[in-house]
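Data block below; observations after.
Values in this document were obtained by computation on a predicted structure and should not be read as measured data. Within every chain, numbering begins at 1; the chains are lettered A, B, ... in the order of the sequence lines, protein sequences first and strands thereafter.
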Protein chains: 2
Amino acid sequence: MQGLSRHTALTAEDKTLLLSLELNPRRVSAGEVLWQESADVDLFCVIKEGWAYSYRNLGNGSMQILKVYLPGDIIGMRDFGFSRRLAGVAMINDGLISPFTHQQLFELFGRSPALAVGIIALTVRQQAMLTERLVYLGRYAAHERLAHFLYELYLRLKRIGAVEENGFHMPLSQEQVGDALGLSAVHVSRTFSMLRDEGLVIRDRQHVVLPDPDALARLVEFNDTYIDEALPVAFQSFAGMRSTSAPQA
Amino acid sequence: MQGLSRHTALTAEDKTLLLSLELNPRRVSAGEVLWQESADVDLFCVIKEGWAYSYRNLGNGSMQILKVYLPGDIIGMRDFGFSRRLAGVAMINDGLISPFTHQQLFELFGRSPALAVGIIALTVRQQAMLTERLVYLGRYAAHERLAHFLYELYLRLKRIGAVEENGFHMPLSQEQVGDALGLSAVHVSRTFSMLRDEGLVIRDRQHVVLPDPDALARLVEFNDTYIDEALPVAFQSFAGMRSTSAPQA
DNA sequence: CGCGGGCTTGACGTGCATCAAACACGGTGG
DNA sequence: CCACCGTGTTTGATGCACGTCAAGCCCGCG
């Protein structure tokens with residue numbers, strides 16, 4: 001809800017509808033697979049606690065992690081419009097998720113165009129992050145990929161209040177970081193050392209501190225508009241246009 | 001239209017609406033930039049003739065090509081929901097495009113839920129291709145990236161009838177192919193030679209032949225469901241649900 | 001106390017980038 | 001018709017970033 005209200009104005013009814021998606025929370029444990037690649041698309045989830053990632057297992061034995069999901073994120077929208085999953089999703093640590101069905105989503109879309117627009121906007125923004133990663137995989141060296149990855153996490157965590165004194169908890173193993181960045185675990189370790197020696201990243205076990213976030217942002221030329229930007233005006237009016245009971249602010 | 005009818009049933013009215021998007025075709029010449037990164041999002045386009053690509057120019061002087069667009073593709077949907085372009089788009093060769101506005105798109109969405117669903121489905125499928133590329137950039141070697149790239153083009157071109165005897169016209173320079181695959185132009189050349197020596201790809205200037213497409217498909221473990229798959233049943237009924245004048249098949 | 005998973009460090013090999021030079025075209029103007 | 005050029009491609013030489021293998025280390029855990 002916090003995420004959606006960033007993009008579009010919500011009425012009381014919208015909020016009730018949204019909460020109805022989160023009725024059946026379920027505890028999940030570290031490493032638990034929420035669904036496998038090629039499984040039928042039946043559910044989507046909101047993550048309430050814990051981290052998750054979507055991945056593809058490849059023919060050559062390696063894995064590519066596509067995206068890391070944090071509390072508040074919606075999982076599974078990637079597969080919206082497909083009958084089979086394009087990627088598996090697994091929990092990184094213990095957590096709490098609220099699954100909801102295709103049907104619930106359609107119903108919500110039908111009742112509140114504002115919510116439909118907002119959820120589509122969130123999905124599009126997730127896709128923008130993927131594109132950003134594609135650029136880094138294609139054209140940047142290991143230390144830039146890692147710096148970018150950490151800085152993006154930092155921004156996303158800050159939005160949900162999970163950063164304290166420029167530090168945050170990062171439950172990913174270095175092998176998993178490597179799978180996300182297209183690097184070997186060994187090289188991730190070396191790259192962390194490099195960033196430490198340059199005073200950009202301090203890490204102790206699963207705790208990461210970015211002593212000078214702005215310096216990191218400059219290093220990776222971070223463009224944060226795609227994470228936070230509000231919807232263009234045209235969208236607000238479109239959402240209002242078809243709304244039956246929810247005039248927009 | 002051909003692309004949409006693959007995913008959802010179109011009524012006569014839908015077809016009229018679609019054609020209204022293509023009223024103002026414009027000739028464009030090779031290398032012409034349709035829009036720059038960070039430009040205001042005003043237009044989308046259907047490509048009627050010619051190839052285009054979306055790209056990002058990077059701080060380190062290199063370029064990453066995100067996607068190649070072929071005749072029949074809709075360009076610009078990546079930026080749907082943003083006020084600024086996330087990537088530039090340029091023509092590869094001379095062509096013909098039909099621009100349409102945000103507003104036209106909204107109007108079309110309002111009139112035909114079936115079309116809205118179909119266009120969203122096309123957009124989601126484009127994103128699936130991007131994800132596929134991300135996987136290849138992260139975890140596969142040059143010859144696999146190139147083979148995958150060529151095979152994907154081959155499938156997409158075959159759908160629009162631009163393949164003859166397993167061969168097609170490919171107006172991209174090797175530098176551009178490199179920018180798409182995260183490789184140097186020099187290495188693209190060497191990789192082409194490699195695939196030629198293995199009998200997988202024959203190339204003469206801008207003409208490419210895949211003598212044994214199935215062998216290529218096996219090499220890259222190509223999963224073509226994401227290109228062609230029809231919409232799941234739930235979508236058809238959703239499209240029908242809100243339609244005022246267009247009962248679904 | 002021993003075990004195992006994750007992290008570190010070193011040695012070594014290699015895939016790809018980079019630089020540079022030569023080559024093959026198509027287009028242009030003389 | 002042929003010199004001329006520019007752009008794109010090929011080929012070679014060299015270097016480096018990263019992968020792989022392997023050994024040791026740290027720490028939590030049974």
Side-chain angles (χ1 to χ4, degrees), chain A residues 29-31 51 53 58 60-65 90 92-94 136-150 169-198 201-208, chain B residues 29-31 51 53 58-65 90-94 136-150 169-198 201-208:
Chain A
S29 47
W51 292 28
Y53 62 90
L58 310 181
N60 57 20
S62 58
M63 160 182 294
Q64 177 68 45
I65 290 183
I92 294 169
N93 46 11
D94 293 347
Y136 270 81
L137 288 190
R139 287 303 189 194
Y140 285 97
H143 68 280
E144 296 163 309
R145 292 186 210 177
L146 182 55
H148 183 267
F149 182 74
L150 293 175
H169 179 72
M170 217 239 347
L172 288 162
S173 72
Q174 296 194 354
E175 172 123 36
Q176 289 167 328
V177 173
D179 287 339
L181 302 182
L183 299 169
S184 68
V186 173
H187 205 67
V188 169
S189 170
R190 292 192 220 272
T191 307
F192 261 120
S193 310
M194 232 180 99
L195 293 180
R196 167 173 40 74
D197 296 345
E198 293 174 12
V201 176
I202 301 166
R203 187 185 50 81
D204 179 58
R205 297 297 277 172
Q206 304 201 329
H207 189 72
V208 173
Chain B
S29 48
W51 292 28
Y53 63 90
L58 309 181
N60 56 22
S62 57
M63 159 181 293
Q64 177 67 47
I65 291 182
M91 294 301 298
I92 294 169
N93 46 10
D94 292 345
Y136 270 81
L137 288 189
R139 289 303 192 194
Y140 284 96
H143 68 278
E144 295 163 310
R145 293 186 208 177
L146 181 56
H148 182 266
F149 182 75
L150 293 174
H169 179 72
M170 215 234 356
L172 289 161
S173 72
Q174 296 193 356
E175 172 124 35
Q176 290 167 327
V177 173
D179 286 338
L181 302 181
L183 298 169
S184 68
V186 172
H187 204 68
V188 169
S189 170
R190 291 192 220 274
T191 308
F192 262 120
S193 309
M194 232 181 98
L195 292 179
R196 167 173 40 73
D197 295 345
E198 292 174 13
V201 176
I202 300 166
R203 186 184 53 82
D204 178 58
R205 297 298 275 173
Q206 304 201 330
H207 190 73
V208 173

- Report yes if at least one side-chain N or O of A/Arg203 is closer than 4.0 Å to OP1 or OP2 of C/dT8; otherwise report no. yes
- Distance check: side-chain N/O of B/Ser189 vs OP1/OP2 of D/dT9, anything under 4.0 Å? no
Need one value for [X]: base, sugar-phosphate or nothing, where a base atom within 4.0 Å counts as base even if backbone is also close, heavy atoms only.
X        : value
A/Ala185 : nothing
B/Ala142 : sugar-phosphate
B/Ser184 : base
A/Gly182 : sugar-phosphate

- For DNA chain D, whose closest nucleotide is more 5', that of A/Val186 or that of A/Arg205? A/Val186
Whole angstrom is fine here: how far is it from [atom1] in [X] over to [atom2] in [N]?
X        : N      : atom1 : atom2 : result
B/His187 : D/dG12 : NE2   : C1'   : 15 Å
A/Tyr140 : D/dC16 : OH    : C1'   : 20 Å
B/Leu183 : D/dT9  : CG    : C1'   : 16 Å
A/Gln174 : D/dC26 : CD    : P     : 16 Å
B/Glu144 : C/dG15 : CD    : P     : 12 Å
B/Gln206 : C/dC25 : CD    : C1'   : 12 Å
A/Phe192 : C/dG6  : CZ    : C1'   : 13 Å
A/Met170 : C/dC7  : CE    : P     : 8 Å

- Could you say whether A/Glu175 or A/Arg139 is positioned toward the 5' end of DNA chain C, judged by the nucleotide with the nearest heavy atom to each? A/Glu175
[atom2] on [Y] to [atom1] on [X], rounded to 0.5 Å:
X        : Y        : atom1 : atom2 : result
A/Asp179 : A/Gln64  : CG    : CD    : 7.5 Å
B/Phe149 : B/Leu183 : CZ    : CG    : 10.5 Å
A/Leu150 : A/Arg145 : CG    : CZ    : 14.0 Å
B/Asn93  : B/Met170 : CG    : CE    : 11.5 Å
A/His187 : A/Leu181 : NE2   : CG    : 11.0 Å

- Measure distances between side-chain N and O atoms of A/Arg190 and base N and O atoms of C/dG10, and say whether any donor-acceptor pair falls under 3.5 Å. yes
